[in-house]
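Contents: one structure, followed by commentary.
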Amino acid sequence: MEDPLLKYIRNVPDWPKPGIQFKDITTLCKAYEPFKESCDRIINHYKGKGITKVAAIEARGYVWGGVIAYHLGAGFVLMRKPGKLPAETISVTYDLEYGTDSIEMHKDAIIKGDKVLVFDDLLATGGTAKAACHLVEKVNGDVIGVAFVIELTGSLHGRDKLKGYDVLSLLEIPIVE
Ligand code: AMP
């Protein structure tokens, strides 16, 4: 049976550029019941695992991240695009199909011994999430899990890039070539 949450994901073809099938989560989070259901599933999965920080990736990761942190009794950490955070930051640069990108976090956001759940809305190639895990590890935090609402399956192999980490995705959507 198809997951009832799937019908709340809107596919926007050719956005932000031709050839991309953009998975729009605004149609999920604007509806209370499915949004609550998606939060609850993630919270229940990580309850009792001793998570001390939820580190979410700008910007759609924040939609769930704060809710998950609150219910797990954990702190919330912002991972952002370069130049957005006001205090001293550390950063990790990662490869894109063409060029590179970076994400940053405040240097003091995570400390040695923190048990961290990394969260983003969607797993595609896995580059962003892997960089986020490296940021956590740079300051000696432990990545307990990496969670997503959507995992794009098929030729992107995002899960392979996260080998060695405990990966949870609520919805698997095959990419159409
Ligand atoms: P990646 O680093 O390739 O795993 O890309 C993941 C990041 O890009 C996430 O923050 C997603 O929000 C965004 N993203 C990549 N591909 C898509 C897509 N097809 N639809 C929606 N968001 C996407």
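Remember, it's 1-based here, ligands and their atoms both numbered in the order they're listed.
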Is atom NZ of Lys84 surrounded by more than 12 heavy atoms (other residues, nucleotides or ligands) closer than 6.0 Å?
no

Before signing off on this row, confirm whether Leu123 and ligand 1 have an N or O atom pair separated by under 3.5 Å.
no

Side chains of Trp64 and Ile25: does their closest heavy-atom pair fall under 4.5 Å?
yes

If you take the nearest heavy atom of each of Ile20, Ile9, Leu122, which one is closest to atom 6 (C) of ligand 1?
Leu122

Would Asp120 count as a contact residue for ligand 1, given that I'm defining contact as a non-hydrogen atom of the residue lying under 4.0 Å from a ligand atom?
yes

Among protein heavy atoms, which lies nearest atom 22 (N) of ligand 1, and at what distance?
Phe22 CE1, 3.5 Å

Do NZ/NE/NH1/NH2 and the carboxylate oxygens of Arg41 and Asp3 come within less than 4.0 Å?
yes

More than 12 heavy atoms of other groups within 6.0 Å of Lys36 NZ
no

Just distances here: any N/O of Ile57 and N/O of ligand 1 closer than 3.5 Å?
no

Among non-hydrogen protein atoms, atom 19 (N) of ligand 1 lies closest to Gln21 O, 3.0 Å

Taken to the nearest 0.5 Å, the spacing of Lys23 NZ from Ile9 CD1 works out to 9.0 Å

Using a 4.0 Å cut-off to any heavy atom of Asp121, which atoms of ligand 1 qualify?
9 (C), 10 (O), 11 (C), 12 (O)

Specify side chain, backbone, both or neither for Thr125, according to which of its non-hydrogen atoms lie closer than 4.0 Å to ligand 1.
both

How far apart are the closest heavy atoms of Phe119 and Gly61, and which atoms are they?
CD2-O, 3.3 Å

Tell me the nearest of Ile150, Thr128, Ile103 to atom 2 (O) of ligand 1, using heavy-atom distances.
Thr128

Taking the inter-plane angle between the rings of Tyr62 and Phe76 on a 0 to 90° scale, is it parallel (under 30°), tilted (30 to 60°) or perpendicular (over 60°)?
perpendicular

Where ligand 1 meets Gly127 - atom numbers and elements under 4.0 angstrom, heavy-atom basis:
2 (O), 4 (O)

If I take atom CG from residue Leu123 and atom OG from residue Ser169, how far apart are they, to the nearest 0.5 angstrom?
7.0 Å

If you have a sec, work out which protein heavy atom is nearest atom 20 (N) of ligand 1 and how many Å separate them, to one decimal?
Lys23 N, 2.9 Å

Does ligand 1 have any atom that is closer than 4.0 Å to a heavy atom of Leu156?
no

Are any non-hydrogen side-chain atoms of Arg80 and Thr89 less than 4.5 angstrom apart?
no

Look up atom 8 (O) of ligand 1 and tell me if a protein heavy atom lies less than 4.0 Å from it?
no

Are the side chains of Asp108 and Glu88 in contact, using a 4.5 Å heavy-atom criterion?
no

Atom indices of ligand 1 within 4.0 angstrom of Arg60 heavy atoms, with elements:
11 (C), 12 (O), 13 (C), 22 (N)

Is it true that Gly158 lies under 4.0 Å from ligand 1, counting heavy atoms only?
no

Answer yes or no: does atom OH of Tyr70 have more than 12 heavy-atom neighbours from other residues, nucleotides or ligands under 6.0 Å?
no

Shortest protein heavy-atom distance from atom 4 (O) of ligand 1, along with the residue and atom involved
Gly126 N, 2.7 Å

For Leu152, the atoms of ligand 1 under 4.0 Å from one of its heavy atoms are 19 (N)

